[in-house]
Protein chains: 2
Amino acid sequence: MKQPTILDVAERAGVSKSLVSLVMREPERVSDASREAVLQAAAELGYRPNAVARSLVRRRTGVIGVVLSDLHNPFFADVADGIEEAAFERGYRAMLSSGFLNPKRERGAVETMLELRVDGLIMLGSMMKVPKIERVASSLPVALLGRHTRSKDLDSVGVDDSAGAQEAVEHLVSLGHSEIVHIHAGSAAGSPRRRSGYEKAMRRHGLEPRLVKGAFTESGGAKAMQEILDSGNLPTAVFAPNDFAALGAMEVIDAAGLDIPGDISLVGYDNLALAGLPRISLTTIGQPRADLGREAVHLVLERLDGDRKSARHVVVPPNLVVRNTSGPPRS
Amino acid sequence: MKQPTILDVAERAGVSKSLVSLVMREPERVSDASREAVLQAAAELGYRPNAVARSLVRRRTGVIGVVLSDLHNPFFADVADGIEEAAFERGYRAMLSSGFLNPKRERGAVETMLELRVDGLIMLGSMMKVPKIERVASSLPVALLGRHTRSKDLDSVGVDDSAGAQEAVEHLVSLGHSEIVHIHAGSAAGSPRRRSGYEKAMRRHGLEPRLVKGAFTESGGAKAMQEILDSGNLPTAVFAPNDFAALGAMEVIDAAGLDIPGDISLVGYDNLALAGLPRISLTTIGQPRADLGREAVHLVLERLDGDRKSARHVVVPPNLVVRNTSGPPRS
DNA sequence: ACGAGGTCTTGGAACGTTCCATGCTTGCTG
DNA sequence: CAGCAAGCATGGAACGTTCCAAGACCTCGT
């Protein structure tokens, strides 16, 4: 059970510990004979370098911490894939931890990461307050993802939500819609920008914005949609704040016996995998998820390696994905 | 940027490093005056214990590694929640890494975990070969989840897949079905047991098992369903190996203009969140996911603390969730 | 007034690496 | 054949903790 150390290997190979260390790190700088001896001894003993000791002396762990607010959100899973991928390519490892949609637990997760001395931190859909995150950023590079900030200390990468919302509206308008309601998610991360994009595009076409408050959840979307139906003033299209909310709205519309898109068009946001299921087939706004993750890694490593000091805020454009929930308005 | 160490705190507080260490670990054993001084100095400096150094001397990291084969599988996300929860309660942290559905990359993830000297390892839906995993288990406690094994070195926790499959068949038979096809996923983790449970239950009712090979994916389910339709011999019910496959089958059935459950009943396995969506509403077999995770942590810590030596294989029962894709057979 | 016993506190040796300055061989140059 | 560079190998210090044996200081009973 006890793991062999570099000293055990050195002894068995008849060389010094320094040489073993060198073989592990830069084998080409060691003579063939020594290298073979060390490698063989290591294999025989089942030696595995102790990353803990290495991190201690190097003062680098080679680990990028990722705190994601919710493991179940497939959006984060895609982003995390991009992160792991990019980190791996650059010789780093990613270590994930969940915040369980709870700011307190998220804080705990961050604290743990700091104690473990991760080299950089990526926060996915964080629920913590910006000043708190800024304090964290004073001891290591931090990149915020899926949330906008103008902070001078924090890097961020996000999608241009306003542009995405405008695309959604443009799409509906081009189909002939003029009564387009937007369900918004209050001040939840991302919602204000989507809302302002919606309003901007509506006004550009001389249309009257109509807002209903919902949330980024299925039930939030359902509640809002019910409110719309109950108002007696049925719009020809609904633009939801995300796919989950759209799903909730879809259920309510179905239950009311209305047809999508015959009676009402529906557009979501996020392009979750489930939006592509044939029975759902939701028109929505897609985001280059894995790219977001890669970009975040990039930002962190940029600070780590080249020590850039000023914050960078990367914004990538979204794209419209047309499916079967949007069509011409009912006549 | 440079982090303060225990020595900095000691100096500022005018005490020895040992005392600072003690305050951090067992504050009650230190005099009030010293404790206050140390705590204040630590706060002023923004001191944060270095877990790397601590792990080195303790020869324990307090981290449980979790390698999951796929971050996107919501099943794993639920299990991982249970793991993080249980680990936290016991004073451990969970560290996640994805294997990207690729045995080689999974091996890399495991290797990384070992180098980081995690105290225990939980493998979710591993794609590695059992002997390889057993070799890993010789240096730390390993629990296998979502996969069965009789290994003498490995602990495992799983759902009784055979029982679940039998429940599915019983349900269909009780509705009056006798022509029930099972799409199986070959030798993929879990499939053989589901298949044998299916066969067992069929025979118990004097029915002829009919198998079609598919996979644990949407496309695998679609392909198999297409084969069933093309055979010209339409069964009255289909039992898929998991919900994704059921979804694929559902699409094909829809596309063929057949009604579910009017023309054909469909039962999945896993009870994913999407199976509960009104438009999907899939009858399926549910599993107590978070409990599986908790149980795995339990097994690992049992070995870690009490040094149990023999393997334990925990099996928990599944439960049938009836929704709208199952009904009486067409007449 | 002294020793026993208790409470707090301390210095130093680990833990398993990396990194650096230095040393030992060779072989080559002039 | 002295001198020196190149190539390889080495020992020791450092990284920031924990843990332990032992020291310092009190209090109290006799």
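Order of the sequence lines fixes the chain letters, A, B, ..., with proteins taken first and strands second; residue numbering starts at 1 for each chain.
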### Query
With distance as the sole test, does B:D119 use its side chain to make a donor-acceptor pair with the main-chain N or O of B:G62 at under 3.5 Å?
yes
### Query
What residues, two or more places apart in sequence or in another chain, satisfy salt bridge (charged side-chain N to carboxylate O under 4.0 Å, His left out) together with B:R289?
B:D78
### Message
I'd like to check the salt bridge (charged side-chain N to carboxylate O under 4.0 Å, His left out) partners of A:R29; sequence neighbours left out, ordered by chain and number.
### Response
A:E26
## Note on the structure
Contact span of DNA chain D against chain B, any nucleotide atom under 4.0 Å from a heavy atom, 5' to 3', runs D:dG16 to D:dC19
### Task
Go through residues 49-62 of chain A and report each residue with a non-hydrogen atom lying under 4.0 Å from DNA chain D, sorted by number.
A:L56, A:V57, A:R59
### Task
Mind grabbing the angle between the end helix axes of the helix from C:dA1-D:dT30 to C:dG30-D:dC1? Five pairs an end, 10° rounding.
60°
### Query
Got a sec, which residues hit side-chain contact (heavy atoms from CB on, under 4.5 Å) with B:D291, two or more places apart in sequence or on another chain?
B:P288, B:R294
### Query
Considering only heavy atoms from C-beta outward, does the side chain of A:Y92 approach that of A:L304 to under 4.5 Å?
yes
#### Entry: Set of salt bridge (charged side-chain N to carboxylate O under 4.0 Å, His left out) partners for A:E115, sequence neighbours left out
B:R93
### Message
Judged by each residue's nearest nucleotide on DNA chain C, which is more toward the 5′ side, B:R117 or B:L19?
### Response
B:L19
### Task
Kindly write out the residues that satisfy side chain to side chain donor-acceptor pair (under 3.5 Å) with A:R25, not counting sequence neighbours, or none if the list is empty.
A:S21
## Note on the structure
The reported gap from OG1 in B:T61 to CG in B:L116 (rounded to nearest 0.5 angstrom) is 8.5 Å
### A:E295 (side chain) donor-acceptor with A:V314 (main chain) under 3.5 angstrom
no
### Query
From B:E36 CD over to B:S31 OG, what is the distance, rounded to the nearest 0.5 angstrom?
9.5 Å
### Task
Taking the side chain as every heavy atom from C-beta outward, state whether A:V15 and A:V20 have any pair of such atoms under 4.5 Å apart.
yes
### Query
Is there a side-chain contact between B:Q287 and B:D270 (heavy atoms, below 4.5 Å)?
yes
### Interface with DNA chain C, restricted to residues 8-16 of chain B and to heavy atoms under 4.0 Å
B:V15, B:S16
### Within 45° cone and under 6.0 Å: B:R12 NZ/CZ vs B:Y47 ring
no
### Set of residues satisfying salt bridge (charged side-chain N to carboxylate O under 4.0 Å, His left out) with respect to B:R48, sequence neighbours excluded
A:E111
### Query
Where along residues 21-31 of chain B does a heavy atom come under 4.0 Å from DNA chain D, residue by residue in number order?
B:S21, B:R25
### Task
Identify whether any heavy atom of B:T5 sits under 4.0 Å from a base atom; if not, whether one sits that close to sugar-phosphate; answer base, sugar-phosphate or nothing.
sugar-phosphate
#### Entry: A:E302: side chain to side chain donor-acceptor pair (under 3.5 Å) partners, not counting sequence neighbours
A:R308, A:R312
